[in-house]
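Remarks on the structure that follows.
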Amino acid sequence: MSKIEAIMPLTLKRAIRKLGHDINTARRRRQLTVTMMTERAGISKPTYLRVEKGDPNVSFGIYCMVLFALGEADRINDLLDISRDETGLLLDEARLPKRVRTQKQTPAAF
């Protein structure tokens with residue numbers, strides 16, 4: 001077990017495993033072989049197999065390339081859509097000033 005896996009919350013491990021399983025299913029639905037996927041994604045076969053197992057040590061970029069090879073790269077845009085970030089929007093609202101005042105103008109020195 002790697003360092004990252006040792007500290008990773010179980011919910012994240014499960015989510016990454018599910019992503020790997022979903023990638024495997026999507027590949028098979030498209031009738032693509034592992035070799036075809038490795039060529040399209042530009043990665044090695046062992047790395048690709050780790051992706052399908054949901055290995056959290058595989059880089060995010062590799063997962064992105066695999067999604068691209070499946071024609072699903074546009075889904076990456078929706079991972080964290082800031083327009084729907086409820087926590088961030090609430091924090092922004094809490095930081096707004098209670099009042100807005102104009103600054104006093106200092107007379108220009110001659």
Counting C-beta onward and ignoring hydrogens, is there a side-chain heavy-atom pair between [X] and [Y] closer than 4.5 Å?
X	Y	result
Arg101	Arg99	yes
Tyr48	Met65	no
Leu32	Leu70	yes
Ile76	Phe60	yes
Ser59	Ile62	yes

(request) Verify salt bridge (Lys or Arg N to Asp or Glu O under 4.0 Å) between Glu72 and Arg30, making sure each step is shown before the conclusion. (result) CA-CA 12 Å; Glu72 298 291 337; Arg30 288 163 174 75; 3.0 Å; yes
(request) Check the pair Arg27 / Val34 against side chain to side chain contact (heavy atoms under 4.5 Å, CB included), numbers first and verdict last. (result) CA-CA 8 Å; Arg27 174 185 61 80; Val34 169; 3.7 Å; yes
(message) Minimum heavy-atom separation for Ala41 and Ala69, please, with both atom names.
(response) N-CB, 4.1 Å
(request) Can you see which heavy atom on Asp81 is nearest to which on Ser83, and at what distance? (result) OD1-OG, 2.8 Å
(message) Could you check whether Glu52 pairs with Arg28 (Lys NZ or Arg NE/NH1/NH2 to Asp/Glu carboxylate O, under 4.0 Å)?
(response) no
(request) Using a strict cut-off of less than 4.0 Å between a Lys/Arg side-chain nitrogen and an Asp/Glu carboxylate oxygen, indicate whether Arg75 and Asp78 qualify as a salt bridge. (result) no
[atom1] ([X]) with more than 12 external heavy atoms under 6.0 Å:
X	atom1	answer
Leu79	CG	yes
Leu89	CG	yes
Lys13	NZ	yes

(request) Evaluate the side chain to side chain contact (heavy atoms under 4.5 Å, CB included) criterion for residues Thr47 and Ser44: first the C-alpha distance (whole Å), next the side-chain angles of each, then the deciding distance (0.1 Å), finally the verdict. (result) CA-CA 5 Å; Thr47 299; Ser44 69; 3.0 Å; yes
Do [X] and [Y] belong together in a cluster built from hydrophobic side chains that touch within less than 4.5 Å?
X	Y	result
Leu91	Leu96	no
Leu49	Tyr63	yes
Val66	Phe68	no

[X] [atom1] to [Y] [atom2] distance, which is reported to the nearest 0.5 Å:
X	Y	atom1	atom2	result
Ile7	Leu12	CD1	CG	10.5 Å
Thr11	Met8	OG1	CE	9.5 Å
Leu67	Asp22	CG	CG	10.0 Å

(request) Any chance you could lay out the side chain to side chain donor-acceptor pair (under 3.5 Å) test for Thr38 and Thr35, step after step, and finish with the verdict? (result) CA-CA 5 Å; Thr38 61; Thr35 301; 5.2 Å; no
(message) Using only atom types and a distance under 3.5 Å, with no angle test, would you say the side chain of Arg14 pairs donor to acceptor with the backbone of Leu10?
(response) no
(request) Verify, without hydrogens or angle tests, whether Thr25 (side chain) and His21 (backbone) share a donor-acceptor contact under 3.5 angstrom. (result) yes
(message) Holding to side-chain hydrogen bond (donor to acceptor under 3.5 Å, both in side chains), I want the full list of residues that pass it with Arg17, two or more places apart in sequence or in another chain.
(response) none
